[in-house]
Amino acid sequence: MGDVCVLTQADGTPAAIVRFTGVERVRFGSVTPAHLQVESPRLRDPEAWRKVHEASWVPLLAHLRRELTPDTEVLCQTFVLLWPLPPSR
């Protein structure tokens, strides 16, 4: 832990810089609201999160001749936002 990463938009534009503080291996079908607390509000519901991720991961996995199932393991990472800084109050 402690690795720093630049997160980008699909076009490569930097969106954030984070420092990873934790990681947990979870089955795709077992992701809970606690895992999703840092997601955007629309993706904090596990069903909504699964639907969005299925749309992007299923084609990628198919290319590798793999399937996304409720038992597929995913990594849930926790992090600290380093940039952009939140607005001053």
Side-chain angles (χ1 to χ4, degrees):
M1 292 301 91
D3 289 347
V4 175
C5 181
V6 177
L7 305 177
T8 65
Q9 303 291 343
D11 66 1
T13 304
I17 300 174
V18 299
R19 177 179 297 117
F20 292 110
T21 58
V23 63
E24 182 180 357
R25 188 180 304 214
V26 181
R27 296 190 187 283
F28 184 74
S30 299
V31 172
T32 68
H35 295 111
L36 304 176
Q37 62 187 335
V38 297
E39 289 282 357
S40 66
R42 71 181 185 88
L43 294 181
R44 291 183 189 157
D45 172 68
E47 288 304 314
W49 180 88
R50 278 190 273 280
K51 185 176 180 178
V52 166
H53 286 79
E54 284 172 350
S56 60
W57 292 352
V58 166
L60 292 172
L61 289 170
H63 181 72
L64 300 171
R65 297 186 177 138
R66 308 273 322 250
E67 290 185 11
L68 181 64
T69 71
D71 290 328
T72 300
E73 290 183 331
V74 297
L75 298 177
C76 293
Q77 297 174 302
T78 54
F79 57 86
V80 174
L81 180 65
L82 301 177
W83 177 87
L85 298 174
S88 300
R89 292 184 180 227

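None of the values given here were measured: they were computed from a predicted structure.
- Between Val31 and Pro46 the shortest heavy-atom distance is O-CB, 3.6 Å.
- Side-chain contact, Asp71 with Thr69: no donor N or O sits under 3.5 Å from an acceptor N or O.
- The minimum heavy-atom distance between Cys5 and Phe20, with the atom names listed, is CB-CE1, 3.5 Å.
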**OP:** Just do the salt bridge (Lys or Arg N to Asp or Glu O under 4.0 Å) check on Arg50 and Glu47 with the steps written out, would you?
**Re:** CA-CA 5 Å; Arg50 278 190 273 280; Glu47 288 304 314; 3.0 Å; yes
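- Between Val18 and Leu7, the closest side-chain pair of non-hydrogen atoms falls below 4.5 Å.
- Taking every heavy atom of both residues into account, Thr21 and Met1 meet most closely at C-SD, 3.5 Å.
- Of the possible polar contacts, one joining the His35 side chain to the Thr32 backbone as a donor-acceptor pair under 3.5 Å is found.
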**OP:** Please assess Val74 against His53 for the test side chain to side chain contact (heavy atoms under 4.5 Å, CB included), listing each intermediate value before the final yes or no.
**Re:** CA-CA 11 Å; Val74 297; His53 286 79; over 6 Å; no
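- In the hydrophobic clustering of ILVMFWY residues, with side-chain heavy atoms under 4.5 Å counting as a link, Val26 and Leu36 come out together.
- Val6 and Trp83 fall within the same hydrophobic cluster, where Ile, Leu, Val, Met, Phe, Trp and Tyr residues are linked whenever their side-chain heavy atoms come under 4.5 Å apart, directly or through other members.
- Cluster annotation: Val38 is not connected to Val80 through the hydrophobic network of ILVMFWY side chains, with a link wherever side-chain heavy atoms come within less than 4.5 Å.
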**OP:** Verify side chain to side chain contact (heavy atoms under 4.5 Å, CB included) between Thr72 and Trp57, making sure each step is shown before the conclusion.
**Re:** CA-CA 11 Å; Thr72 300; Trp57 292 352; over 6 Å; no
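- Separating the SG atom in Cys76 from the CD atom in Gln37 is a distance of 11.0 Å, to the nearest 0.5 Å.
- In this structure, Leu43 and Trp49 approach most closely via the heavy-atom pair O-CB, 3.5 Å.
- Looking at Arg44, its side chain does come within 3.5 Å of a backbone N or O of Glu39 through a donor-acceptor pair.
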